[in-house]
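Structure, as structure tokens:
Bear in mind the structure is a predicted one, so any value in this text is a computation, not a measurement. Only this structure's heavy atoms are used, side chains among them; waters, hydrogens and symmetry mates stay out. Throughout, protein chains are lettered first and strands after them, A, B, ... in sequence-line order, and every chain is numbered starting at 1.
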Amino acid sequence: MTRSIGVRALVLSLVILAVFLAAWHIAVSGGGGGGQAVDPEYARLVGAAAATGGQTPMPGPIDVGKAIWKHLSDPFYVRGTNDMGIGIQLGYSLARVLLGFGIAVAVAVPLGFLIGMSPLVYRALDPFIQVMKPISPLAWMPLALYTIKDSSLSSIFVIFICSLWPMLINTAFGVASVRKDWLNVARTLEVGPLRKAFTVILPAAAPTILTGMRISVGIAWLVIVAAEMLVGGTGIGYFVWNQWNNLSLTDIITAILLIGLVGMVLDQILARLTRLVTYPE
Amino acid sequence: MARSYISIEGIARRFPAPEGGRTTIFEDLWFAMERGEFVCVIGHSGCGKTTVLNILAGLDEPSEGAVIIDGKAIEGPSLDRAVIFQSHGLLPWRTVLGNVSYAVSSKWRDWSKAKVEEHARKAIATVGLTGAEMKKPAQLSGGMKQRVGIARALSIEPKIMLMDEPFSALDALTRGTLQDEVRGICRNTGQTVFMITHDVDEAIYLADKIVLMTNGPDARIAEIVANPLPADRSRNEVHKHPAYYPLRNHIIDFLVARSRSFAEELAQPGKVWNRRAPPIVTPGAPDTPPPLVRAV
Ligand SMILES: Nc1ncnc2c1ncn2[C@@H]1O[C@H](COP(=O)(O)OP(=O)(O)O)[C@@H](O)[C@H]1O
Ligand SMILES: [Mg+2]
């Protein structure tokens, strides 16, 4: 029964995809009535040609399919600063995310441990964390550019900042809510504080910590695209922005699909890791 | 007078009350246990039994008074005192063997991994769990989990076992089997046991002494019942002993009525009760008068 529902869901997914592609194809190849009235403000912003849409009509699924094939058959070429393969651009973005995220892990997990172990520190730091958490990470960008004076490092910093809070909060919460029973087991066995941290608190809090990491990596991947659009240079965000300036909508749609796929893979990796450390009670 | 092996000397425990001030769970509590004794504590929920056990374990501290064990005041938990938790307290990410080995390696820190495992396997075999070593707690039944808890406690070869309603979550059949096993193991190893229970028959079957605690707040040890049944009793013979029903009725009568109205009982003229030496009674035996001390 479960098998058949899986199969049926897959069939339905394919049908939905086919309907969507067909509708897209028909919509694009149908009425191409150009020359509509255009908001002059908008025209000034993007350039007259782009605004009327006359020269670059919305691509259809076949155009995008061709573009994807072109990108994927040669993803790693470098022909100058503004012309690099999409694989290279994704690589830059991934490297920034992993670096910023990695530094955030190295800070958030030990710090969250200390916060979680002490109810006093927990309470004292809570207002700061609550204020910092809802700040859009991009709001840090000017400050980062001003102090760090390097656009690439600044985007790494922004990734660091946005990855920090979910992990910090989850680690502190996970550590603070380790079952009293388990801590008492360690106490009655006269287990020292360091051994207790690694043999009781860490495994007990690991699922919560990993869940925080999963949230963080998701946010980081969302933020890197925007950050790279802002600072430019390299990365998939910059690629999207660059193709917008080139009015290459097929490339933009290709990039959007790839961003989604990479984000999904990152999320799945963390989900897998979370499942590894989760224990049934 | 020589001091007893375990001597609870005038302990009190107070918690901050929600409406300010402090609630006294119990105060000026005195009680002594000898080496090798099996003591069961009976009293209603919330009277402070777990609190006393936690103080004995060193997990909690009395607000006043002290507990002296073998001549030394308790300062924190010790590997000499094993605790069997009501909710078994197994680490769910470790296997059965992992849980027991954790205790063994905590006690003998210089042992090799192989030696630790061998010792742990022996403890697991003692409680009849051979074959389940590699299972996680979530894969075990309630009775098996409690067995692992017992194996873990036994594995560190403690001098004292502290058990907090260890069998209350089990079905009657499993409970009976485990009672037999625990009784056998504790008698063989000469364990000193302090056990909390809700089950009158469990107390009668297992205990040498049964401590009757009144309802809280300000709970007291009303009486200590010396079990008149022979030490080598068997589960199926217990209820045939002439002292069984008087004993059982005495405890049930306490739980149903006297635990609540003990203060009024004390106020009756001529009632003699000393909190430093609660009367030791033996229902079903010819009456022994309680020591003649002024009521406090
Ligand atoms: N940490 C605590 N703070 C406040 N009150 C507590 C705390 N722990 C226990 N108590 C109170 O102490 C009383 C005795 O609790 P406990 O020893 O667990 O009772 P028992 O084990 O006999 O059921 C209860 O009324 C409980 O509400
Ligand atoms: Mg209790």
For B:R109, I'd like to know if atom CZ has over 12 heavy atoms of other residues, nucleotides or ligands within 6.0 Å. yes
How many angstroms lie between CG in B:L90 and CG in A:D181, if you round to the nearest 0.5 Å? 10.0 Å
Please determine whether the number of non-hydrogen atoms from other residues, nucleotides or ligands lying under 6.0 Å from atom CD of A:Q130 exceeds 12. yes
So for atom CZ, which belongs to A:F113, do other residues, nucleotides or ligands contribute more than 12 heavy atoms lying within a distance under 6.0 Å? yes
Might you confirm whether atom CZ of B:R22 has over 12 heavy atoms from other residues, nucleotides or ligands at distances under 6.0 Å? yes
The test is side chain to side chain contact (heavy atoms under 4.5 Å, CB included); show your working for B:W93 and A:V277 and say whether it passes. CA-CA 8 Å; B:W93 54 89; A:V277 299; over 6 Å; no
Flag the one option from B:A138, B:A82, B:S106 with the top tally of heavy-atom pairs under 4.5 Å to chain A. B:S106
Report the option among B:R152, B:K107, B:K136 that has the most heavy-atom pairs separated by less than 4.5 Å from atoms of chain A. B:R152
Taking C-beta and beyond as the side chain, do B:S105 and A:R195 meet within less than 4.5 Å on heavy atoms? yes
Minimum heavy-atom separation for B:P92 to A:P280, with atom names? CB-O, 3.6 Å
Heavy-atom side-chain contact between B:P137 and A:Y279 under 4.5 Å: no
Closest heavy-atom pair and its distance - A:E190, B:S78: OE2-CA, 3.1 Å
Does atom CZ (A:F198) have a neighbourhood of more than 12 heavy atoms from anything else shown, all under 6.0 Å? no
Does a sphere of radius 6.0 Å around CD in B:E75 hold more than 12 heavy atoms from other residues, nucleotides or ligands, not counting ones at 6.0 Å or beyond? no
Walk me through it: do A:V185 and B:F85 pass the test side chain to side chain contact (heavy atoms under 4.5 Å, CB included)? CA-CA 9 Å; A:V185 166; B:F85 297 90; 3.7 Å; yes
What residues of residues 199-219 of chain A sit under 4.5 Å from chain B when you count only heavy atoms? A:T199, A:V200, A:P203, A:A204
dist B:N54:CG -> A:N184:CG (nearest 0.5 Å) comes out at 6.5 Å
Check the pair B:I156 / A:L189 against side chain to side chain contact (heavy atoms under 4.5 Å, CB included), numbers first and verdict last. CA-CA 9 Å; B:I156 58 172; A:L189 293 175; 4.2 Å; yes
